[in-house]
Amino acid sequence: MSEATLRKRVTELLGASRRSDVPPFMVMDVMAAAEQIEAAGGHVIHMEVGQPAAPAPKTAIRAAQRALELGRIDYTSALGIPSLRDRIARHYLDTYATEVDPGRIVITTGSSGAFILAFLAMFEPGDRVAVTVPGYPPYRHILTALGCEPVLIETTSDTRHALTGETLLAAHRKTPLKGVLVGSPANPTGTMMSREAMTALIAAAEGAGIRFISDEIYHGLDYAFPAVTAAALSPQALVINSFSKYFCMTGWRVGWMVVPEPLVRPIERLQQNLAISVPTLSQIAAEAAFDGTEEMEAIKRGYVENRQILIEGFPKAGLDHFLPADGAFYLYADVSRFTGDSFEFSKRMLEQAHVAATPGVDFDPFHGKSFVRFSYARSAEDMREAVARIARWLG
Ligand SMILES: Cc1ncc(COP(=O)(O)O)c(C=O)c1O
C-alpha cells in the first residue's frame, strides 16, 4: 500500500467529522492558567466563570437525599416528571401572570440539551438561524454541528444591545432566515430587552415566518427592570430555561422548554431516542428547588450588592466604559483604552493582578478584542478585592 493510500485510510478510520470541528472555549485557557497560579500558592479572584458560587437550595438537596434513600432511580417519561412540569407551569403563573399548559413544558438536560432538541425539531440542515453578537458561543457552535448555518447579527449600544425587528428583517432580505435566537438577560453583555423591544422583535420575526427562540436562562437575575418571558407574548415562541443560574444547580444538568404545541410530540420522540429521559434525581431536586425561594432571593441580593460594588468601583479603577449591567451576573467592560487584544489583557491581568476574567473574543469575533467579561457571582469581599487589585494594576 502506498504512503498516500495509507494516510487516506488512517484519516477515514480515525479522522473526526467536519461538523465536529467547532472552536473551544477560550475561558478554559484562562481557568487553566489561574489553576497554575493557585498551585504555586497565589490567590486568584475568579471572575471568569459564569456560575453561581452558592450550592443548590437546601430543599433541592434534601429531596435528592430522600430519593436516594428510597433506592430505585428509574427512567422518567421523555418529557419529564409530570409533577415537575406542573410546578414549572405554576411558576409562569406566579412569576409572569401567564398561563402555560403543562403539556407544553419539556424537561431537558440543562438548557444545553434544550438547544439540541429545539434546533433538531425546528430546522433542517442548511437552514439559516440568526444569533446576536456578542453572544453565548455554543448557540452558533451547536447550530453548526447540526448542519445549520448561524447568521451573526451585531447588536450595538444604540439599542442597549437588543436585536431590533428592522435589523433582523434587513438580514432576512439578504438571505432568508428560518429562525432567530435571543437571550435576555444576555451573556456576556448582561443587558436586557424591554417588553416593547421583545414584543416588536417577535412581531417582526413571526410576520416574516422566522421562528423565534428565547433563551431565558438568566431570568430571576434581573435588576434594571423585570425580565419578560416570550411565553407571555406568543404561543409560537420556543422558550428555553434552566435550573443552572437562578437556582444555582449548574452540575445537576436540568432545564426546561416551553414549546409550541405542534412541536411537543416531535420533541418527545427526539428525546426518547437521544436520551430516553433527563436524570431523574436532578428532576426531583429541581422540583423541590421551587420551595427554596428565600435562599435564592438572598443569593440574588448578594449579586445586587456585587453589581453595585463594580458599577461604582470599576470607573475609579480605570475601567470606566461598560455596558448597562441590567441582569445575569456579568459586566462587559470595554478595555480598548488599554489594549487592542483583550486575550493578552486578560492574561496579563491574571498574571500580574491575579484577577481572572474572560476575554471578549469568545463571544464576539468582530469586536471581542476590545472587551472583557467579568462575572460577579462570587462574594462581595472578592468583588472589593478585585476592584482594589485592578485599580493598583492599571494605576
Ligand atoms: C446564555 C446561556 N445559555 C445557556 C447556557 C447553558 O447552561 P446550562 O446548560 O447549564 O443550562 C449558559 C451557560 O453559561 C448561558 O450563559
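We count ligands from 1, going down the list as the structure has it; atoms in each ligand are counted the same way. One is the number of the first residue; the rest follow in order along the sequence.
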Please tell me whether Glu385 and His43 have a donor and an acceptor in their side chains that are separated by less than 3.5 angstrom.
no
I'd like to check whether Thr109 has a polar contact with ligand 1, where a contact means an N/O of the residue lying under 3.5 Å from an N/O of the ligand.
no
Are Tyr139 and Asp215 close enough that a side-chain donor and a side-chain acceptor fall under 3.5 Å?
yes
Quick check on contacts: which atoms of ligand 1 are under 4.0 angstrom from a heavy atom of Arg253?
8 (P), 9 (O), 10 (O)
Does one side chain, of Ser244 or Gln51, offer a donor that lies under 3.5 Å from an acceptor on the other?
no
Counting each atom of ligand 1 from 1 as listed, which ones have a heavy atom of Gly110 under 4.0 Å away?
9 (O), 11 (O)
For the pair His91 and Phe290, name the ring-plane relationship: parallel under 30°, tilted 30 to 60°, perpendicular over 60°.
tilted
I'd like to know if Glu149 and Arg128 make a salt bridge, using a cut-off of under 4.0 Å between side-chain N and carboxylate O.
yes
Would you please determine whether Asp215 falls within less than 4.0 Å of ligand 1 on a heavy-atom basis?
yes
If you scan protein heavy atoms around atom 9 (O) of ligand 1, the nearest is Ser112 OG, 2.5 Å
Polar contact flag for Tyr139 and ligand 1 (N/O pairs, less than 3.5 Å):
no
Intermediate values then yes/no, side-chain hydrogen bond (donor to acceptor under 3.5 Å, both in side chains), Tyr223 and Tyr303:
CA-CA 9 Å; Tyr223 319 112; Tyr303 299 149; over 6 Å; no
Under 4.0 Å, heavy-atom basis, I'd like to know which part of Phe243 is in contact with ligand 1: side chain, backbone, both or neither.
neither
For atom 13 (C) of ligand 1, which candidate among Gln51, Lys245, Glu216 provides the closest heavy atom?
Lys245
Enumerate the atoms of ligand 1 whose separation from the nearest heavy atom of Asn187 is less than 4.0 angstrom.
1 (C), 15 (C), 16 (O)
Compute the shortest N/O to N/O distance between Tyr330 and ligand 1 and return yes if it is under 3.5 Å, no if not.
no
Smallest heavy-atom separation, Val239 atom then Ala231 atom, equals CG2-N, 3.6 Å
Starting from atom 4 (C) of ligand 1, which protein heavy atom do you reach first, and at what distance in Å?
Ser111 OG, 3.1 Å
Sole residue of Tyr246, Phe247, Phe329 in ring-ring contact (aromatic ring centres under 6.0 Å, His included) with Tyr218:
Phe329
